[in-house]
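Just below is one structure, and these are the notes that go with it.
Whatever order the structure lists ligands and atoms in, that order sets their numbers, starting from 1. Hydrogens, waters and symmetry mates are skipped; everything else that's a heavy atom, side chains included, is used.
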Amino acid sequence: MAQGLATNALASLQQHMAELDDLYASMGLLSWDLETMMPPKGAESRSRQMATLSALAHRMACSPQLGDWLSELEDKAVQAALSETHRAIVREVRRAYDEAVKLPESLVTALSETTSAAHLKWVEARKSNSFEVFLPSLKQIVKLNQEKADALGYENSRYNALLDIYEPGLTVATLDPLFADLEDKLKPLVAAIAQKPKPDISFKQRTCTKEQQKALCQRLLEAIGFDFEAGRLDDAPHPFCSGSNPGDVRLTNRYLVNDWTSAIFSALHEGGHGLYEQGINSQFAGTVLGGGVSLGIHESQSRLWENLIGRSQSFVTFLMPLFQEQLPEAITGIDAKAFYRAINIVEPSFIRVEADEVTYNLHIVLRYQLEKALIEGSLAVEDLPEAWGAGMNKLLGIRPATDSESCLQDIHWAHGSFGYFATYTLGNLYSAQFLKTARNTLPDLDTQIQQGELQPLRQWLQEHIHQYGRLYEPDTLCQRVTGEPLNAQYFINYLQEKYTALYAL
Ligand code: ZN
């Protein structure tokens with residue numbers, strides 16, 4: 001009898017979540033359209049459509065029936081009888097449900113209204129290079145995020161509640177020592193590289209049409225195994241990947257006039273996200289398991305293709321004949337060695353998104369320390385520019401002169417996303433640990449990459465990571481794939497080996 005009831009509860013819960021997934025997928029497609037295709041005069045009706053769908057989705061996400069089905073399915077005896085997949089579904093629905101019901105409607109509305117207005121203020125503040133313009137909005141956003149953390153609940157640090165939203169289980173107890181260790185090991189590496197001559201990168205500004213760049217990116221995406229029957233590549237001001245199911249994954253890219261190499265790496269980055277989405281077991285489509293398990297794991301897939309593969313010597317060997325064929329003028333007089341050095345230039349800089357792979361994580365350490373202090377209340381929002389300058393100086397030895405090149409550079413805070421930045425570093429760390437493991441079973445990987453045979457690596461990633469979607473939580477997945485928990489040493493070793501050779505340290 002009890003088991004029969006649970007079977008009904010499971011079927012009803014899955015039906016409910018499949019409908020909710022359809023709503024989210026439709027919203028995703030409308031957002032993709034807004035960024036890529038929508039004519040400007042469509043903005044007003046689009047924002048109304050999005051508001052209607054969000055309200056519907058929110059109502060479904062906190063439906064009391066869902067709570068009833070969950071309690072039934074969380075019964076000990078029922079749990080023991082469920083399959084691994086069904087137990088994971090119950091776990092993930094519980095996570096989403098708790099988050100939806102714990103946040104009072106008034107707080108959700110306040111956050112959405114405040115961040116809509118804050119976005120405009122942030123744009124204005126950047127234009128006028130004045131933190132003062134953004135300050136009142138940011139104060140409100142920090143306060144609302146503190147309330148959000150309180151509503152969600154936490155142990156020890158208030159910031160833990162926000163970290164957990166983007167990376168299940170992530171806490172300051174993990175991140176404090178991890179970031180301290182990264183700081184200790186990266187700073188001497190950056191300092192050693194600074195003593196060496198810089199490579200010549202002027203050829204990146206040579207003329208290369210958008211069509212040439214795009215055709216090359218298309219070819220590279222095909223080479224890594226992105227399925228154009230199950231995805232697209234379109235233009236947008238900012239590269240991104242949005243996927244609603246393995247059969248429909250949308251990538252965007254942009255093509256710069258002052259650096260034709262940039263599009264290559266953003267295509268590989270978004271392509272890495274896209275392969276993850278396309279590689280998820282199609283039986284999970286429409287269920288709560290049908291997506292990447294966390295932002296950190298997702299970013300590990302993009303960074304793996306962008307940096308560990310894309311900026312490797314072997315990949316450059318594969319690229320050179322493609323350049324000769326598709327954009328010969330841009331590469332005239334540049335050999336593989338010069339290109340490899342130019343795409344791996346290391347230099348402390350102010351802007352995170354333009355940072356190289358050695359200094360990048362120091363930008364994240366800074367944001368982590370500041371966010372944590374803001375949310376815990378030990379740093380006043382007014383004091384942010386000063387704290388930013390001091391932190392930047394301590395971490396990278398440079399001090400920004402303007403607000404636009406310091407605390408106004410990222411959109412995350414204007415969006416209300418506190419707790420997000422750390423996942424970028426987790427992605428870098430996971431990528432090195434995963435690739436190290438992959439190399440154990442792919443001993444010819446470098447030769448394969450040189451010849452443009454990238455399928456063995458993609459298949460390895462699909463078999464060990466992509467196919468599982470959200471079946472395993474990030475820690476469990478990492479343990480299953482690599483045999484140990486997240487270990488930053490793999491990333492440190494990767495950087496030290498690569499840059500010691502490259503800069504003759
Ligand atoms: Zn990414």
Mind checking whether the Zn ion (ligand 1) has an N, O or S of [X] under 2.8 Å?
{"X": "C241", "result": "no"}
{"X": "E299", "result": "yes"}
{"X": "H298", "result": "no"}

>> Assess whether a salt bridge exists between R232 and D248, defined as any Lys/Arg side-chain N lying under 4.0 Å from an Asp/Glu carboxylate O.
In response: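 Not counted as a salt bridge, because no side-chain N and carboxylate O are separated by less than 4.0 Å.
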
> Does the pair R46/D33 count as a salt bridge with the N-to-O cut at 4.0 Å?
Replying inline: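 Result for this pair is yes, salt bridge flagged.
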
>> Pair Y368, H363 - check ring pair (Phe, Tyr, Trp, His ring centres under 6.0 Å), show working.
In response: CA-CA 9 Å; Y368 168 74; H363 289 260; over 10 Å; no

> Rounded to 10°, how big is the angle at the Zn ion (ligand 1) from H269 NE2 to H273 NE2?
Replying inline: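 Answer comes to 100°, rounded to 10°.
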
> Can E299 and Y276 be counted as having a side-chain donor-acceptor contact under 3.5 angstrom?
Replying inline: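 Distance-only check fails for E299 and Y276.
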
